[in-house]
Amino acid sequence: MKKIEAIIKPFKLDEVKDALHEVGLQGITVIEAKGFGRQKGHTELYRGAEYVVDFLPKVKIEIVLEDNLVERAIEAITNAARTGRIGDGKIFVSPVEQAIRIRTGETGGDAI
C-alpha cells in the first residue's frame, strides 16, 4: 500500500476528484491548507496599502491505495491539476505499513 499526498490549487479540486474517480479510487481526504513554494507569495493592494501575501491557499489531498493503482493515480492527479503555471503543486508518495478499518477491524488492502 502507498499513501499519495498531493498539494494543488483549490480551483482544481473538482477536476482532480473526477479524474481519481475515473481511475477507480473511491475515497480521498481533502484538507484546506496554506503555503508557498518557489512563487513565494505575491503582493496585493488593499485600500491603497500594499501588503505581501506569503501563504497562498492550497488544497492537500491524501489517498491510501494499493500499489497497482499508484501510477494511474499520479497520472490522473498530474493531468487534472496542471495549469502550466508556477504553483501547480507537488505530489508525494510514501509507503503505508498498515491500514485498519475501525468499524469492522479489516486490515491491509481490505481496509481501504
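- Annotation: side chain of L13 is in contact with side chain of I61 (closest heavy-atom distance under 4.5 Å).
- The minimum heavy-atom distance between A19 and A80, with the atom names listed, is CB-CB, 3.9 Å.
- Listed here is the closest heavy atom pair of V59 and P10: CG2-CA, 3.5 Å.
- Between K2 atom NZ and I112 atom CD1 the span is 11.5 Å, to the nearest 0.5 Å.
- Hydrophobic clustering, with ILVMFWY side chains joined whenever heavy atoms are under 4.5 angstrom apart, groups V30 together with I4.
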Worked check of side-chain contact (heavy atoms from CB on, under 4.5 Å) between K34 and K58: CA-CA 5 Å; K34 292 184 183 237; K58 300 289 181 182; over 6 Å; no
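- Counting only heavy atoms from C-beta outward, the side chains of I28 and K17 approach each other to under 4.5 Å.
- Residue-environment remark: CD (Q98) exceeds the threshold of 12 foreign heavy atoms within 6.0 Å.
- Side chain of R72 to main chain of V23: a donor-acceptor pair is present (N/O by atom type, distance under 3.5 Å, no hydrogens or angles).
- The hydrophobic cluster containing L25 does not contain V64, counting ILVMFWY residues as joined when their side-chain heavy atoms lie under 4.5 angstrom apart, directly or transitively.
- Judged as a salt bridge (Lys or Arg N to Asp or Glu O under 4.0 Å), and not counting sequence neighbours, the contacts of K12 are E15.
- Summarising the geometry of A111 relative to A99, their closest heavy-atom pair is CB-O, 3.6 Å, with the distance given to 0.1 Å.
- Rounding to the nearest 0.5 Å places CG of L65 at 12.0 Å from NZ of K3.
- If you take CE on M1 and CD on E66, they are separated by 7.0 Å, rounding to the nearest 0.5 Å.
- Here the OG1 atom belonging to T83 is positioned 11.0 Å from the CD1 atom belonging to I8, to the nearest 0.5 angstrom.
- L69 and F92 are not part of a single hydrophobic cluster, where members link through side-chain heavy atoms under 4.5 Å apart.
- Looking at every heavy atom in both residues, K9 comes nearest to G87 through CE-O, 3.2 Å.
- E75 meets the side chain to side chain contact (heavy atoms under 4.5 Å, CB included) test with N79; sequence neighbours excluded.
- Residues I77 and I63 meet the side-chain proximity criterion, which asks for heavy atoms closer than 4.5 Å.
- Taken from CD1 in I7 to NZ in K60, the straight-line distance is 6.0 Å, to the nearest 0.5 Å.
- No donor-acceptor pair under 3.5 Å is formed between the side chain of R82 and the backbone N or O of D88.
- Between I74 and I91, the shortest heavy-atom distance links the atoms O-CD1, 4.1 Å.
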